[in-house]
Amino acid sequence: MAAAAPRPRTEEELLGRARALAGARLGEVAASLRRPVPSDLRRAKGWVGELVELALGASAGSRPEPDFPELGIEVKTLPVDAQGAPKESTHVCAISMREAAGAHWETSVARAKLARVLWVPVEAAAAIALPMRHIGQAILWSPDTREEALLRRDWEEHMELIALGRSDQIRGEMGAVLQVRPKAASGGSRTPVSDGDGVRAAALPLGFYLRPRFTAAILGRVYAPLR
DNA sequence: TTGTGATCATCT
DNA sequence: AGATGATCACAA
């Protein structure tokens, strides 16, 4: 590939691209796409994710919908340590706090994105230089009944608090698998919210994140049948 | 400003 | 060590 990959038209095409990417190093992928490799990720936090999306043929857009809308598939890179365990939580989506009151899990952005996810593990141990880090074998995942129930419960509990205008009472400790944390440019960021009585107010923008334990369980499925 | 891609930095 | 709260870059 000399430029960005063509947009895959089928799930098989996308999976084929993901398979071709497995085992590659970030440096060589970047070179083939003619993209510079940053010296570190401190000022390029989304670089790995953007590189993988480009290689898979995703569009660069930033709309609140899955990366491949026609396939209903969201792509997420997963930074893993030397043991193959996720090092970080996974950002799911921003929360539209003004519309929390009338929101439903079934039609939520969070559910749409988590309905079908192509997880792409990427080495992230600090000891490995960025260009040398390997991309792992991707996993196409959908939540099973139990997982969806857990996600839904956490989502509904958080959204109820937000709808009541109590988003400032939300803590990262809440939520078994899906937590809510700030998602902003800085701690001074504010977004419109409605308080309990529909009065205009402003609060820190929040986003949904999957806990590392949850994504670790997803990666574990690959090895579980072998044990 | 909001949403995308996330990791950083600090505290327990 | 693990997790929470804070933060960085870019597009529309």
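In what follows, chains are A, B, ... by sequence order, proteins preceding strands, each numbered from 1. In this text, all values refer to a predicted model and were calculated from it rather than measured experimentally.
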Could you state the atom-to-atom distance from [atom1] of [X] to [atom2] of [N] in whole Å?
| X | N | atom1 | atom2 | value |
| --- | --- | --- | --- | --- |
| Arg35(A) | dA9(C) | CZ | P | 15 Å |
| Leu54(A) | dC10(C) | CG | C1' | 14 Å |
| Leu206(A) | dG3(B) | CG | P | 11 Å |
| Asp40(A) | dC8(B) | CG | P | 8 Å |
| Arg190(A) | dT2(B) | CZ | P | 12 Å |
| Leu51(A) | dG5(B) | CG | C1' | 12 Å |
| Leu78(A) | dT7(B) | CG | C1' | 13 Å |
| Asp81(A) | dC8(B) | CG | P | 14 Å |

[X] and [Y] ion-paired at < 4.0 Å:
| X | Y | answer |
| --- | --- | --- |
| Glu148(A) | Arg146(A) | no |
| Glu106(A) | Arg152(A) | yes |
| Glu65(A) | Arg63(A) | yes |
| Glu70(A) | Arg7(A) | yes |
| Arg116(A) | Glu11(A) | yes |
| Glu123(A) | Arg25(A) | no |

To the side chain of [X], which of [options] is closest?
| X | options | result |
| --- | --- | --- |
| His91(A) | dG3(B), dA6(B), dA3(C) | dA6(B) |
| Ala94(A) | dG3(B), dA9(B), dG5(B) | dG3(B) |
| Thr77(A) | dA6(B), dT7(B), dA9(B) | dA6(B) |

Does one side chain, of Ser89(A) or Arg211(A), offer a donor that lies under 3.5 Å from an acceptor on the other?
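Side chains of Ser89(A) and Arg211(A): no pair found under 3.5 Å.
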Once you apply a heavy-atom cut-off of 4.0 Å, does [X] come out as touching a base, just sugar-phosphate, or nothing?
| X | result |
| --- | --- |
| Thr191(A) | sugar-phosphate |
| Pro79(A) | sugar-phosphate |
| Pro192(A) | sugar-phosphate |

How many angstroms lie between atom CD of Glu147(A) and atom CG of Leu210(A), to the nearest 0.5 angstrom?
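Going from CD on Glu147(A) over to CG on Leu210(A), the span is 10.0 Å.
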Check Ala100(A) against Ile162(A) and note the closest heavy-atom contact, atom names and distance.
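Looking at all heavy atoms of both residues, the closest pair is CB-CG2, 3.5 Å.
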Provide the closest heavy-atom pair for Phe208(A) versus Ala110(A) in the form atom of the first, atom of the second, distance.
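So the minimum-distance heavy-atom pair works out to CD1-CB, 4.5 Å.
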Comparing Ser62(A) and Thr90(A) on DNA chain B - which has the more 5′ nearest nucleotide:
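This one resolves to Ser62(A).
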Between residues 96-132 of chain A and DNA chain B, which residues have a heavy-atom gap below 4.0 Å?
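Listed by number, they are Lys113(A).
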Would you please confirm or rule out a distance under 4.0 Å between OP1 or OP2 of dT7(B) and any side-chain N or O of Lys87(A)?
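Checking dT7(B) against Lys87(A), no side-chain N or O comes under 4.0 Å of OP1 or OP2.
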State whether Gln179(A) places a side-chain N or O below 4.0 Å from either non-bridging phosphate oxygen (OP1 or OP2) of dT4(C).
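Yes, because at least one side-chain N or O of Gln179(A) sits under 4.0 Å from OP1 or OP2 of dT4(C).
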Give me the distances for all protein-to-nucleotides 5-7 of chain C N/O pairs that come in under 3.5 Å?
residue: dG5(C); atom: OP2; partner: Gly172(A); partner atom: N; Å: 2.5
residue: dG5(C); atom: N7; partner: Arg181(A); partner atom: NE; Å: 2.7
residue: dG5(C); atom: O6; partner: Arg181(A); partner atom: NH2; Å: 2.9
residue: dT7(C); atom: OP2; partner: Gly187(A); partner atom: N; Å: 2.7
residue: dT7(C); atom: O2; partner: Lys45(A); partner atom: NZ; Å: 2.6

